[in-house]
Amino acid sequence: MRHLPWIAFGLSAALLVGILAFWTIVPAREESIPAEPGVERTAMLVHVAPALRSPVEKAAADFERDTGIQVQLQYGPSEVLLSTLKVTKQGDLFLPADDSYVHEARKLDLVEQDYSIATFKGVAIFRADFPKAAKDITWEDVFRDGFRLVQPNPATAVGKVTRERLLPTGLWQRIENAKPAQVGSVVEAANAVKIGSADGAIVWDAVAKQYPTLKVVNLPNLELVTANVSVAVCKNATARTEARW
């Protein structure tokens, strides 16, 4: 998995955005974008999935400091972000947690260029005081009576991809039979496990790394649950001039 602690917003033909590998520190540019006389800089609106919140917020803060241009981050499940972009036609960058949403946005003529930035993998997380060592936890622990499983809903990338990839294995039917509680984002699922209101969840590895006290387990077949993450330039981007830096 590649990690993301810095995002550079820029343009080649329209708006070139490079998001570098997670936790790879990229020095900020010292110069700032010169403002054109009499021209007010336009804030950049980024539609972003909650799974990417931590690195994107750090990158946005660096970008604002170096350029003086405000970055507005609008969070939501990937399917909701796509629906919002479809309805409003507003935004500069589209950053869902799986590139299938970028492909769909392209079909709808909502985005232009897109750039691959990372790969997510599905992992199972368990509360810190779960009465088994991580190496000893199996699917049978997830499906035993009384286990409180929480899952991001199908509008999220991890919810959709988990269902698609585990359905042929028979595991998805068992997950559905376990009647997991559904939440609105992968971060909400991880938080539920962290505070102990749930025993476990399937989340992205990038999110699991933000919860070092939880037990992380690569259960069999979860290697099938992967997502390629891409960032796309919105068709109706309004911050083009500022983003040419």
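Just the heavy atoms: all of them, side chains too, but no hydrogens, waters or symmetry mates, feed the values below.
Note on W204: it clusters hydrophobically with L149, by side-chain heavy-atom contacts below 4.5 Å among ILVMFWY residues. Residue V150 is grouped with residue W139 when hydrophobic side chains (ILVMFWY) are merged at heavy-atom distances under 4.5 angstrom, including chains of intermediate members. Residue L82 is not grouped with residue V158 when hydrophobic side chains (ILVMFWY) are merged at heavy-atom distances under 4.5 angstrom, including chains of intermediate members. Hydrophobic clustering (side-chain heavy atoms under 4.5 Å, transitive across Ile, Leu, Val, Met, Phe, Trp, Tyr) groups F120 together with V231. Cluster annotation: L85 and V233 are assigned to distinct hydrophobic clusters (Ile/Leu/Val/Met/Phe/Trp/Tyr, side-chain heavy-atom contacts under 4.5 Å, transitive).
Between the side chain of R148 and the backbone N or O of G196 there is at least one donor-acceptor pair closer than 3.5 Å. Under the 3.5 Å distance criterion, the side-chain polar atoms of T169 are matched with a main-chain donor or acceptor of L166. Listed for the T156 side chain is no donor-acceptor partner under 3.5 Å among the backbone atoms of S185. Checking side-chain atoms of D62 against main-chain N and O of A59 turns up no donor-acceptor pair under 3.5 Å. Side chain of E223 to main chain of N221: a donor-acceptor pair is present (N/O by atom type, distance under 3.5 Å, no hydrogens or angles).
Residue L93 holds its CG atom at 10.0 Å from CG of L73, rounded to the nearest 0.5 Å. Atom NZ of K235 and atom CG of D109 lie 4.0 Å apart (nearest 0.5 Å). Rounding to the nearest 0.5 Å gives a distance of 7.5 Å between CG of D129 and NZ of K215. In this structure, the separation between CG on L45 and CD on Q70 is 10.0 Å, given to the nearest 0.5 Å. K179 NZ to N177 CG: the interatomic distance, rounded to the nearest 0.5 Å, is 6.5 Å.
A donor and an acceptor atom, one from each side chain of K160 and S78, are nowhere located under 3.5 Å apart.
For the pair C234/Q90, no side-chain contact is recorded, criterion being any heavy-atom separation below 4.5 Å from C-beta on. Considering only heavy atoms from C-beta on, Y115 stays 4.5 Å or farther from V102 through its side chain. The shortest distance between side-chain heavy atoms of L95 and I117 falls below 4.5 Å. Inter-residue side-chain proximity for L222 and N218 is flagged as unmet; no heavy-atom pair is nearer than 4.5 Å. Using a 4.5 Å heavy-atom cutoff, the side chains of I202 and Q151 are in contact. Here the side chains of S54 and Q210 are in contact, with some heavy-atom distance below 4.5 Å. Side-chain contact between V46 and D92 is absent, with no heavy atoms from C-beta onward closer than 4.5 Å. In this structure, L171 and F143 have side chains that are in contact, with non-hydrogen atoms separated by less than 4.5 Å.
In this pair, F94 and H47 present their aromatic rings perpendicular. The plane angle is above 60°, beyond the 30 to 60° band. The aromatic rings of F126 and F130 lie tilted to each other, with the angle between the two planes from 30° to 60°.
Of all the heavy atoms in A134 and V217, the pair that sits closest is O-CG2, 3.6 Å. Annotation for A124 and L219: closest pair CB-CD1, 3.7 Å, computed over non-hydrogen atoms. For the residue pair D199 and G146, the shortest heavy atom distance occurs at OD2-O, 3.7 Å. Across all their heavy atoms, L110 and K86 have their closest contact at CD1-CA, 3.8 Å.
We find that E140 and R174 are joined by a salt bridge, their nearest charged nitrogen and carboxylate oxygen being less than 4.0 Å apart.
The side chain to side chain contact (heavy atoms under 4.5 Å, CB included) test with V229 is passed by exactly one of D98, D99, L52: L52.
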